[in-house]
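Everything quoted here is computed from the prediction, not taken from an experiment.
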Amino acid sequence: MLNDVFLKDELLDVDDEYYASEWGGPKSEDRLRKLTNTIASFVRNAKRSSNNMPYSISDWTADLQYLKETFYERWFDFPWPHVEE
């Protein structure tokens with residue numbers, strides 16, 4: 001799913017054109033930045049939450065590591081999002 005969102009998805013199913021434009025085009029720095037910042041915010045919010053979400057946090061953290069190793073380290077240099085509290 002991460003590959004599809006980053007590499008291919010034209011976001012044609014997103015009704016809000018402004019919101020879709022924030023994600024940039026497939027394979028773009030804007031797309032990877034928005035995707036990683038969104039996932040990192042999920043992690044930070046889950047860590048602050050009173051709900052116990054260890055599996056979600058672990059999955060999202062793994063997703064970030066995958067995106068970093070697969071795409072970021074090869075082609076991009078924007079500040080990587082932090083997930084620490």
Determine, stepwise, if the pair Phe76 / Phe71 fulfils ring-ring contact (aromatic ring centres under 6.0 Å, His included).
CA-CA 7 Å; Phe76 301 104; Phe71 302 114; 8.2 Å; no

Check against side chain to side chain contact (heavy atoms under 4.5 Å, CB included), Phe42 and Lys47:
CA-CA 9 Å; Phe42 293 162; Lys47 285 181 175 182; over 6 Å; no

Might you work through the side chain to side chain contact (heavy atoms under 4.5 Å, CB included) test for Asp9 and Arg31, ending with a clear yes or no?
CA-CA 10 Å; Asp9 197 340; Arg31 176 68 58 92; 4.1 Å; yes

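Distance check, rounded to the nearest 0.5 Å: NZ of Lys68 to OG1 of Thr36 gives 10.5 Å.
The main-chain N or O of Tyr18 is found under 3.5 Å from a side-chain atom of Ser21 such that the two form a donor-acceptor pair. Under a 3.5 Å cut-off, the side chain of Ser49 and the backbone N or O of Asn45 do not form any donor-acceptor pair. A side-chain donor-acceptor contact under 3.5 Å links Ser28 to the backbone of Gly25. Judged purely by atom type and a 3.5 angstrom limit, Thr61 uses its side chain to pair as donor or acceptor with the backbone of Ile57.
What you find for Lys34 and Glu22 is that their closest heavy atoms are NZ-OE1, 3.2 Å. Here the shortest heavy-atom pairing between Asp30 and Gly24 reads CB-CA, 3.9 Å.
Looking only at side-chain heavy atoms (C-beta outward), Pro81 and Asn37 come within less than 4.5 Å of each other.
Hydrophobic cluster membership is shared by Trp23 and Trp75, with clusters built from Ile, Leu, Val, Met, Phe, Trp and Tyr side chains linked at under 4.5 angstrom.
When Val83, Leu2, Leu35, Asp59 are each tested for a side chain to side chain contact (heavy atoms under 4.5 Å, CB included) with Leu64, only one passes: Val83. Under the side chain to side chain contact (heavy atoms under 4.5 Å, CB included) rule, Arg33 has a single partner from Tyr72, Trp80, Phe78, which is Phe78.
For Asp16, the CG atom sits in a packed shell: over 12 heavy atoms of surrounding residues, nucleotides or ligands are nearer than 6.0 Å. Summarising the local packing, CD of Glu69 is surrounded by more than 12 heavy atoms from other residues, nucleotides or ligands at distances under 6.0 Å. In Asp13, the CG atom is crowded: over 12 heavy atoms of neighbouring residues, nucleotides or ligands sit closer than 6.0 Å.
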